[in-house]
Amino acid sequence: MNSRRSFFRECALGIGNVALWQLLAQEGYASPTDPLAPRPSHFAPKAKNVIFMFMEGGPSQMDLFDPKPGLQKWNGQSLPESFTKDLNLAFIKPSAAVMASPRVFAPAGQSGMELSDYLPHLATCADDICLVRSMHTDAFNHHPGQLLLFSGSIQFGRPTMGAWALYGLGSESKNLPGFVVLTSGTGTSAGASNFSSGFMPSTYQGVVLRNSGDPILYLSNPPGVSEESQRATLDAVRDLNTGHFAASGDDEINSRIASYELAFRMQMAGPELMDFSKESPSTLAMYGIEQESKRAFATNCLLARRMIERGVRFVMMTHASWDDHTDLNKHLKKNCDITDQPTAALLKDLKQRGLLGRTPMVENRRPEDADNAGRDHHPAAYSMWLAGGGVKRGAVIGKTDELGFKIIEDPVHVHDLQATVLHLLGLDHTKLTYRYMGRDFRLTDVEGNVVRKILA
């Protein structure tokens with residue numbers, strides 16, 4: 001048992017260490033490091049920032065990106081067992097009838113990329129995008145599929161893509177979060193686990209911003225609280241946290257300090273970010289912001305561009321829901337009408353500023369209503385597109401069979417996509433690791449290859 005004398009001696013030394021740490025911090029010699037400070041990449045990057053547009057629910061690729069005229073031959077009929085014996089299906093049976101797409105596809109741009117008549121605006125950007133028609137994943141339901149796409153695992157608790165980018169590179173924005181989430185529509189089934197920092201410090205998690213009013217609720221000071229008094233309070237809290245960090249070494253304390261300071265700076269930067277008054281009328285019209293049906297998504301697209309300009313590392317946009325098990329043609333057109341124009345506007349805006357899956361079978365939950373038809377989940381083959389720094393323009397990667405069931409050329413797994421995104425940011429996915437519970441974790445786990453055909 002320690003004596004009373006040793007107790008006071010140890011306490012005195014502890015208090016002395018905290019006092020010394022605070023004095024050194026005031027002189028700039030020993031303050032906790034900024035976890036969001038910019039860090040060098042592994043090699044020269046082709047891109048500095050990411051805007052990830054996540055269309056939750058899974059737009060039907062054979063109605064938008066991957067034309068399958070071969071479906072007409074089987075329209076309304078069940079396929080032979082040889083076609084369907086290995087299928088994993090969420091709701092329908094392998095004996096379900098085939099549903100041909102009523103969409104009209106046409107070549108777009110000099111590349112001749114075939115896109116649906118539901119995407120007239122994106123078609124004008126065909127020569128600037130790289131369309132991957134051979135994406136595949138290991139999960140066929142929404143929640144595990146989203147977890148795998150963003151965290152590299154179907155298990156909860158892993159850091160997500162934006163968190164990994166922020167951890168690897170830091171942020172160039174001092175006044176806004178380094179990882180921002182913008183939402184429109186009805187939400188995502190995986191929710192916050194799509195932008196979680198997992199077992200990393202919470203500094204790296206995505207911050208959800210609103211697209212009107214204060215970006216974050218209660219960001220503005222309440223009546224009677226001046227900027228000076230708030231600054232004094234934050235300074236006192238920072239000093240206490242700095243002392244706590246000196247004693248414990250807990251990285252989460254650094255996250256807390258950084259969060260308080262960022263929130264204070266956002267009180268000035270937030271209103272400026274949301275102020276579109278300096279955007280030209282032609283820019284606002286290009287995005288379609290004045291159209292009520294498109295306003296939320298269009299606003300998010302313009303905010304994404306403004307955030308990238310202000311150094312935000314990773315912007316995740318989600319729009320929901322595209323989960324069209326029923327009323328496919330009605331719902332697909334509605335979502336395309338909302339997203340097509342703003343998406344193309346964002347691509348064109350970034351370019352001019354120098355910044356730049358579903359089943360082929362029918363699912364009908366109301367058989368008496370032919371217009372009720374939709375499509376079930378299909379993880380074995382779907383489409384995504386990329387654009388921007390280091391991405392090949394006007395290219396189509398991969399190929400599926402005549403019915404869109406299987407990939408027959410250049411398969412791209414979600415881990416390959418993750419490895420490629422990190423590569424474009426100048427990060428080697430095999431070297432970007434985080435030590436936790438005795439082992440080194442990475443976004444791509446033990447898999448993933450950079451897709452060289454995507455690279456310019």
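Values reported hereafter were calculated over all heavy atoms of this structure, with side chains retained and with hydrogens, waters and symmetry mates removed.
Looking at Ser41, its side chain never comes within 3.5 Å of a backbone N or O of Leu427 through a donor-acceptor pair. In this structure a side-chain-to-backbone donor-acceptor pair under 3.5 Å is present from Arg39 to Pro35. Listed for the Asp340 side chain is a donor-acceptor partner under 3.5 Å among the backbone atoms of His121. Counting only distance, with no hydrogens or angles, the side chain of Arg295 and the backbone of Glu290 share a donor-acceptor pair below 3.5 Å.
Looking at Thr444 and Arg442, their side chains do bring a donor and an acceptor atom within 3.5 Å of each other. A donor-acceptor pair shorter than 3.5 Å cannot be found between the side chains of Gln61 and Asp66. Using modelled atom types and a 3.5 Å distance limit, the side chains of Ser173 and Ser171 yield no donor-acceptor pair. Between the side chains of Lys68 and Thr400, a donor-acceptor pair is found at a separation under 3.5 Å.
Ring orientation note: the planes of His136 and His413 are nearly perpendicular, at an angle over 60° on the 30°/60° scale. Ring-plane geometry between Phe195 and Phe179 is classed as perpendicular, the angle between the planes exceeding 60 degrees on a 0 to 90 degree scale with a lower cut at 30.
For Phe297, the ring pair (Phe, Tyr, Trp, His ring centres under 6.0 Å) partners are His319, not counting sequence neighbours.
Checked for salt-bridge contact, Glu309 and Arg306 miss the test: no charged N lies under 4.0 Å from a carboxylate O. In this structure, Asp117 pairs ionically with Arg103, as a charged nitrogen and a carboxylate oxygen lie closer than 4.0 Å.
For residues 401-427, the salt bridge (Lys or Arg N to Asp or Glu O under 4.0 Å) pairs, not counting sequence neighbours, are Asp410-Lys453.
Here the options are Tyr167, Phe441, Trp164, the test is ring-ring contact (aromatic ring centres under 6.0 Å, His included), and the partner is Tyr434; only Tyr167 passes.
Summarising the local packing, NZ of Lys48 is surrounded by 12 or fewer heavy atoms from other residues, nucleotides or ligands at distances under 6.0 Å. Taking a 6.0 Å sphere around CD of Gln110, one finds it holds 12 or fewer heavy atoms contributed by other residues, nucleotides or ligands.
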